[in-house]
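Protein chains get the first letters and strands the later ones, always in sequence-line order, with residue 1 at the start of each. The figures that follow rest on heavy atoms only: side chains count, while hydrogens, waters and symmetry mates do not.
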Protein chains: 2
Amino acid sequence: MATIYEVAARAGVSPATVSRVLNGIAVSPAYADRVLAAAEELNYVPNRTAQRLRRRSSEVIALVIPDIENPFFTALARGVEDRALDAGLSVVLCNSDEQEDKESRYLQVALSEHMAGVILAPASDHPDLDAIVAMSTPVVAVDRSAHGYDLDTVVMDDVASGRTATERLYAEGHSVVACITGPATVETAQNRAEGWRQVFAQRSPGAEPDAYLVHSNYRVDGGQAAMASLRALPEPPDAVFVANNLMGVGAMQALATDDAVGIAVLGDLPFGMFPRPGASVLPLPARELGVTAADLLLQRLNGDIGPARRIVLDSAP
Amino acid sequence: MATIYEVAARAGVSPATVSRVLNGIAVSPAYADRVLAAAEELNYVPNRTAQRLRRRSSEVIALVIPDIENPFFTALARGVEDRALDAGLSVVLCNSDEQEDKESRYLQVALSEHMAGVILAPASDHPDLDAIVAMSTPVVAVDRSAHGYDLDTVVMDDVASGRTATERLYAEGHSVVACITGPATVETAQNRAEGWRQVFAQRSPGAEPDAYLVHSNYRVDGGQAAMASLRALPEPPDAVFVANNLMGVGAMQALATDDAVGIAVLGDLPFGMFPRPGASVLPLPARELGVTAADLLLQRLNGDIGPARRIVLDSAP
DNA sequence: ACCGTGGCAGAAATCGATTTCTCAGTCAAC
DNA sequence: GTTGACTGAGAAATCGATTTCTGCCACGGT
């Protein structure tokens with residue numbers, strides 16, 4: 001692995017000159033040619049580690065998401081990647097698995113790696129960002145906000161989505177619409193359920209909402225289990241609003257061919273899966289979230305130091 | 001961001017001593033306590049960049065996969081991650097999108113980042129690994145082999161899988177079994193098709209195999225299109241072997257409710273999707289591939305310098 | 001009592017690139 | 001002709017941690 005010193009020696013110049021040539025700083029053309037030739041011959045690749053140590057900055061951003069197996073988040077990640085790669089940044093993808101300790105471990109890594117920035121879909125409402133913020137590393141919260149910090153944030157209007165989906169089921173003629181949402185600690189899960197609760201209170205005024213609200217884990221197995229528990233109720237609902245795509249898949253599996261129960265799922269089903277007949281699927285702007293978050297981060301990296309912004313995307317694109 | 005010098009100053013010792021304490025090298029207890037206290041108070045986190053530069057090694061491995069949206073590869077990635085995290089390594093996930101230029105870009109990054117090792121599912125048969133190999137960075141090929149290099153490799157017996165799946169369709173009574181496989185440049189696609197070809201030649205002796213073999217892109221849309229083109233043939237097949245999971249989903253979508261056509265898919269369907277009635281799905285040991293590849297890499301990182309190994313996993317776990 | 005040994009901590013070199021500082025040489029103006 | 005501004009390239013400092021080299025001190029043996 002050639003170093004800048006070897007290139008310098010071969011070109012008969014000082015390392016400083018090599019550095020200047022490679023960084024586009026004015027140097028007489030004769031020298032520049034010699035340097036470039038030497039670099040070429042030695043197959044020189046700058047050592048990023050040394051570069052980063054000296055420059056005290058890196059060209060890598062961390063993207064921390066709670067579930068790498070959920071296409072919603074991989075689509076979001078794609079959005080981030082596309083923008084970041086265009087800007088010459090690399091993205092390292094970190095999977096927190098909805099676990100706070102894994103999340104803080106990755107944040108710790110981002111810190112000690114001196115990464116240029118972080119885009120975070122927090123696993124908990126109150127992630128510990130003190131250290132990162134103290135370094136003034138720019139952080140953007142995406143999909144879920146990070147309470148306790150004044151961060152750039154990109155989210156959707158989850159309450160409205162919950163209302164819309166629930167409203168649609170009532171409009172189809174169902175009389176009791178239940179709700180399967182995510183972990184009670186996750187903001188999107190709370191908000192989507194809140195949307196449902198508003199409509200439920202209005203449309204099923206006698207009923208007890210808590211009996212028809214199930215918190216689960218945002219994954220396929222959780223959706224399946226939640227649907228099973230709802231059907232086991234003494235007075236089962238005749239429709240259900242499912243607050244994310246994977247639980248939607250699970251719920252539809254649990255319903256199998258029983259099409260007496262109406263279902264509305266928030267978030268595109270993976271891989272263009274066909275929903276069961278009669279089910280409705282409300283798309284979410286996953287990729288758009290990623291793109292927008294990356295844009296905000298890039299602005300910060302370019303020196304923007306205005307106040308934190310909060311962008312709420314239309315949840316029904 | 002505190003440095004080791006500040007910790008040293010606060011503890012009233014030299015930076016060398018701080019380093020020794022933090023790395024578990026014998027130091028008198030009195031000093032050790034002072035250092036640990038100072039580090040605690042200053043919230044000291046070692047600068048990985050400096051560490052890496054000095055140690056000339058990193059604790060990060062790159063995992064390069066061709067499609068982050070394919071659950072087969074995310075499962076594989078999970079396997080790698082689990083093993084790597086246990087061993088104290090971080091994994092950065094790189095998505096080559098089946099494109100050679102993106103792949104070599106990420107390999108370039110791995111190189112200049114001096115990553116500890118690379119696990120690669122090559123997008124092309126002949127990836128350019130000269131530079132990486134020259135650095136003697138350990139590389140493990142997974143799922144697909146890297147021709148032209150003598151690398152540790154973990155693959156499955158794709159030819160056998162192709163045979164098994166095709167055989168099963170003929171055993172079910174179908175008379176002409178077509179094959180939808182991946183890009184002609186991808187080894188697994190070639191091998192799975194080869195398995196099909198062997199059985200096809202034997203069971204449909206008169207027919208022209210090339211008419212019933214479609215190369216597509218290993219994604220849902222490709223499976224859909226391929227199936228449509230097969231059905232448009234003058235003498236359409238009455239069954240089809242689909243060589244990966246996502247194309248299987250697409251093919252089943254294209255068939256919709258037409259259950260005259262038999263189908264066998266290689267690789268678990270995403271998210272526990274139910275195959276259409278009568279379809280068979282042959283699972284693949286995706287996670288196991290990742291785990292095994294990580295194990296091989298870890299052995300190399302621990303100094304194993306034996307000859308390259310080639311591990312062929314049972315494709316039907 | 002003196003010399004050799006070993007342990008422990010500090011000083012300094014090191015990793016590889018960037019950047020500031022320094023200095024030699026050029027050219028123009030007075 | 002001399003001075004001063006300017007250009008361009010090399011020397012050296014720097015980033016923050018690790019590690020080798022040094023040297024001090026205490027202890028033990030003769």
Novice: Taking OH from B:Tyr31 and P from C:dG7, how many angstroms apart are they, rounded to a whole number?
Specialist: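 In whole Å, C:dG7 P and B:Tyr31 OH are 18 Å from each other.
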
Novice: In whole angstrom, what separates A:Arg34's CZ from D:dG8's P?
Specialist: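 For the pair A:Arg34 CZ and D:dG8 P, the rounded distance is 16 Å.
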
Novice: Is there a side-chain contact between B:Ser58 and B:His114 (heavy atoms, below 4.5 Å)?
Specialist: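 Counting from C-beta outward, B:Ser58 and B:His114 never come under 4.5 Å.
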
Novice: Using a 4.5 Å cut-off on heavy atoms from C-beta on, say whether the side chain of B:Leu85 contacts that of A:Arg105.
Specialist: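 Yes, close enough: below the 4.5 Å cut-off.
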
Novice: Salt bridge or not for A:Glu98 and A:Arg144, using N-O below 4.0 Å?
Specialist: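 Salt bridge: yes.
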
Novice: Is it true that A:Arg52 and A:Glu59 have a side-chain N and a carboxylate O under 4.0 angstrom from each other?
Specialist: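 Counted as a salt bridge, because a side-chain N and a carboxylate O are separated by less than 4.0 Å.
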
Novice: Can you tell whether the side chains of B:Arg287 and B:Asp82 come within less than 4.0 Å, N to carboxylate O?
Specialist: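 Between B:Asp82 and B:Arg287 there is a salt bridge, with a charged N closer than 4.0 Å to a carboxylate O.
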
Novice: With a 4.0 Å cut-off on N to O distance, would you call B:Asp97 and A:Arg78 a salt bridge?
Specialist: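 Salt bridge present between B:Asp97 and A:Arg78.
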
Novice: Taking C-beta and beyond as the side chain, do A:Val35 and A:Glu40 meet within less than 4.5 Å on heavy atoms?
Specialist: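 The answer is no; the side chains never approach within 4.5 Å.
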
Novice: Please set out all donor-acceptor pairs under 3.5 angstrom arising from side-chain atoms of residues 291-299 of chain A, sequence neighbours excluded.
Specialist:
unit_1: A:Thr292; atom_1: OG1; unit_2: A:Glu288; atom_2: O; d: 2.6
unit_1: A:Asp295; atom_1: OD1; unit_2: A:Arg83; atom_2: NE; d: 2.8
unit_1: A:Asp295; atom_1: OD2; unit_2: A:Arg83; atom_2: NE; d: 3.4
unit_1: A:Gln299; atom_1: OE1; unit_2: A:Arg309; atom_2: NH1; d: 2.6

Novice: Specify the angle, to 10°, made by the local axes at the two ends of the helix from C:dA1-D:dT30 to C:dC30-D:dG1 when five pairs are taken at each end.
Specialist: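 That helix has its two terminal axes inclined by roughly 70°.
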
Novice: Summarise protein proximity over nucleotides 16-24 of chain C in one line of letters, 5' to 3': B for base, S for sugar-phosphate only, - for none, counting protein heavy atoms closer than 4.0 Å.
Specialist: BBBBB----

